[in-house]
Amino acid sequence: MGNPVSLTAEQVQAILDGTLIPVCGYARISKDDERDRHGVNDQRRDNRRNAANYSMVVVYEFEDNDRSASKPDVVRPDFEAMLKAVTRGRTDDGVEIRGVIVVHEDRLIRRPGDYERFVEAVTHVDGRVYADERGTKDLYSEDVETLGLMGAVISKAETRKMRKRARNNHRRRAEDGKVPRGRKRFGWMDNKIDAHPINGPAIAKAAQEVLGGRGMGSIALEWQRKGIRTVMGNDHRVSSVRDALRDPRICGWRRINGGDLIRDEHGKPVVGEWDALVEPWVWEGLDAMFKARSGNTIGRDGEVIPEVDRRAPKYILTGRARCAKPNEKGDPCGAIMRIGWSSVHGWHTYNCPGKQNGGCGGVSVKGAALEEYVTEAVLAKLEEVIAFDVTEAVWESAGEYEEKEAKLARMKTEWTRGGISDDFFFSAVRSLEDELRGLRVERRKFLLSGRTALEGVADIRERWFSDDPDTSLDISQKRTYMRLALNAVMVHPAGRGGRFNPDRLELRWRSDIPATGFVAV
C-alpha cells in the first residue's frame, strides 16, 4: 500500500544531516464522482508544500480515494497500512518514516476510535512529528490528544448533519423532478437528460422482451455482441441489465435509496426532466416481476418453490414433457422426462427416468420430432389467441384507486388549512396510505398480466423460426410461450414400430390461456 516519493540528492543529504524530517503524507476524499483523482492529487501537492515549511519532507504517500472515514463498515486500506508503517517507523519496502502530515485533520479521521489508534501509532516511540496545514501538533501532550478526541466527536456529529442535509437536498431535487447528481446513467447522454441514441432504444427493447419472458443473460450476450457497454466501458452482465431495467428513471420516475417512488402532493409519481425510455406501465410491469421474484426461487411453471435446478435449460420442453405410462393402479407415471442422447443416431431424446430416480423408465421419444409437433400446436393456439382484442382491458379497481387518491389529496389540503387536527389526520392518512399501497401492488400485477397482450405477438411464428439474432426468439422466450400455453405434454408409450406417432401425445393446455395471459415481447 502507498507509494514512495522520488527525492532529490539535496533532500536525501538533508535527511542524513538531520535538517529534514522524513514523513509520510496521507490524502483522502469521500466522493470522486468524476473518477479523475483530483481531490487526492490536490492534497498530495499541499502536503509536500506544507512539509517544506515545517522542515519536513514527504518520502512516502498513502491515499484512500473515494472512501468515507465516518462510516464504520468502510475499510481504508492505505490508512491501515499507514498506521502499521508509522508504528514500525518504516514502510514494507524499508523507507524510514518519522511522522505524518495531512492537509486537515478531517481527512485523516472522522471517528474517535480511529483518532486513538492514530495517536497510539505516532507516539509508539519518542520523537515523532505530526502536522497539518495549520502547523505542527505535539501528540505526546495530553491536552492535544484530548482536543483531538473532542474534534473527532464534533466531526462525527457534523458528518451526521451533513448527511441529513444531503438526504434532504436529494429529496427536494427529486420532488422537483431535477436530474439526479452523480455519474451519468446507462441509457442517457453525458448531460443526463437526453436519451442515448443507441443505449436508450436498447433498454426499451430489452424491457419489452423481459416482460415477454426473455432471459436477462440472453440480453447481456446480445449487448456484448453489439458492442453496447456500460457507462464504465465494461461488458454487460446479468446484474447490469437487471439494474438498468429495475430503475424507475427509465420511465421518467425516481425513487431514493430503493424506497417508494417520489410522489407529489396528489399521490402521483413525480415526472423528471430527463427523457423517458419506456412507458410507465412497462416499468410497473418490470417492477412487479422483480418484486415477485425477490427473495424467492421461481420454478419452471412460474410458481415459488423451495429449491430449483439452476442450470439453464437448453431444450424448449425440459420440465414440461411428462411420462404418461400407466402404473399398477392405472394412473399415469407423471415423472418429468429427462434429456438423453442417442450416440447411434446423433439426436437427443426425452426419456422417463428409471425407478431409482422417481420414474418408470418405460417411455422415450425422439426430441426433435416431439418439439416440432408441440411447437406447431402451440403456435396454432397462439394464432387463435391473438384474435381476441384485449387492448381495452380495464383494471376493475381503477375507480377505487382514483377515489382514494383524491380523498388523500383533499385531506392533506384540509389539514394544511387547519381544518382537521393532527391526531385525526395522521391516524387517517396512515390507514389510507396502506390501502393505496395495496392497490398499487394490485395494479402492477394487472399490468404484468398482459394489458398490452397483442403487441409483438402477431409475428411470433416468423420470429420463432427466424435466423436473424436481432428479431428471433431465443430459447428462454420460446420456453416462456410454452409455459404460458401448456401445463404439460403427456407422452404415452410408443407401442409397436417405434416411429414417432403424434397420437401418443396428450397436450394439456392451460385453462387461463385467453389473450390476457400473454404479454408483449
Side-chain angles (χ1 to χ4, degrees), residues 166-196 199-212 214 216 219-220 223 230-231 236-295 395 398 401-402 405 408 433-434 436-452 455 519-520:
R167 287 195 299 267
N168 291 340
N169 184 49
H170 288 324
R171 176 164 288 277
R172 284 193 295 269
R173 287 180 57 84
E175 290 173 346
D176 292 337
K178 298 296 183 182
V179 172
R181 289 174 175 168
R183 63 178 177 83
K184 71 174 183 179
R185 293 280 177 158
F186 176 73
W188 290 271
M189 301 295 288
D190 290 343
N191 62 9
K192 308 174 189 175
I193 294 178
D194 300 326
H196 193 283
N199 301 344
I203 288 179
K205 178 174 177 287
Q208 293 282 354
E209 291 177 337
V210 168
L211 284 180
R214 185 177 184 183
M216 283 177 285
I219 292 172
W223 286 0
T230 68
V231 293
H236 277 281
R237 298 289 185 265
V238 171
S239 58
S240 61
V241 175
R242 181 176 58 247
D243 290 344
L245 296 181
R246 71 189 312 167
D247 190 344
R249 297 183 197 185
I250 65 175
C251 75
W253 297 346
R254 187 180 174 190
R255 59 185 172 197
I256 297 178
N257 297 329
D260 293 333
L261 292 172
I262 300 299
R263 299 179 181 274
D264 60 20
E265 64 273 14
H266 302 296
K268 303 291 185 181
V270 174
V271 179
E273 61 181 349
W274 57 91
D275 290 343
L277 308 180
V278 301
E279 294 294 327
W281 66 262
V282 175
W283 177 82
E284 288 186 303
L286 291 170
D287 186 51
M289 181 182 70
F290 287 129
K291 286 182 176 178
R293 294 177 176 178
S294 178
W395 179 41
Y401 178 73
E402 293 177 358
E405 276 202 328
L408 179 61
E433 286 182 336
D434 288 341
L436 281 170
R437 190 175 294 107
L439 287 170
R440 288 178 187 130
V441 172
E442 182 183 331
R443 183 178 61 174
R444 284 196 299 267
K445 291 181 178 179
F446 168 77
L447 292 170
L448 184 60
S449 70
R451 186 175 180 179
T452 58
E455 295 185 15
V519 291

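All values below were derived from every heavy atom in this structure, side-chain atoms included, with hydrogens, water molecules and symmetry-related copies excluded. Small disclaimer: the values here were computed from a predicted structure and weren't measured.
In terms of heavy atoms, Asp190 sits closest to Lys184 at OD1-NZ, 2.7 Å. The shortest heavy-atom contact between Arg263 and Val270 is C-CG2, 3.7 Å. When all heavy atoms of Trp281 and Leu211 are compared, the pair lying nearest together is CZ3-CD1, 4.3 Å. When all heavy atoms of Val282 and Ala207 are compared, the closest pair comes out as CG1-CB, 3.8 Å. Scanning all heavy atoms of the two residues, the minimum distance from Leu261 to Pro269 falls at CD1-CG, 4.3 Å.
Contacts of Ala204 classified as side-chain contact (heavy atoms from CB on, under 4.5 Å), with partners at least two apart in sequence or in another chain: Val278. Scanning for side-chain contact (heavy atoms from CB on, under 4.5 Å) contacts around Glu402 gives an empty result, with sequence neighbours left out. Shown here are the side chain to side chain donor-acceptor pair (under 3.5 Å) partners of Lys178, two or more places apart in sequence or in another chain: there are none. The side-chain contact (heavy atoms from CB on, under 4.5 Å) search around Ala276 returns none, not counting sequence neighbours. In this view, Arg249 and Pro180, Arg185, Trp188, Asp247, Arg254, Trp274 satisfy the side-chain contact (heavy atoms from CB on, under 4.5 Å) rule, not counting sequence neighbours.
A donor-acceptor contact shorter than 3.5 Å links the side chain of Trp283 to the backbone of Arg246. Formation of a donor-acceptor pair under 3.5 Å by the Glu273 side chain with backbone atoms of Ile193 is not found in this model.
Considering only heavy atoms from C-beta on, Leu286 comes within 4.5 Å of Met289 through its side chain. In this structure, the side chains of Val271 and Trp253 come closer than 4.5 Å at one or more pairs of heavy atoms.
Taking the six-membered ring for Trp and thresholds of 30 and 60 degrees, Phe186 and Trp223 have ring planes inclined between 30 and 60 degrees apart.
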Would you list the atom pairs, donor with acceptor, under 3.5 Å between side chains in residues 237-245 and any protein atom, with sequence neighbours excluded?
from: Ser240; atom 1: OG; to: His236; atom 2: ND1; distance (Å): 2.9
from: Ser240; atom 1: OG; to: Arg237; atom 2: N; distance (Å): 2.9
from: Ser240; atom 1: OG; to: Arg237; atom 2: O; distance (Å): 2.9

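How far CD1 of Ile219 is from NZ of Lys205: 7.5 Å, rounded to the nearest 0.5 Å.
No more than 12 heavy atoms of other residues, nucleotides or ligands lie within 6.0 Å of CD in Glu279, so this atom counts as exposed by the packing criterion.
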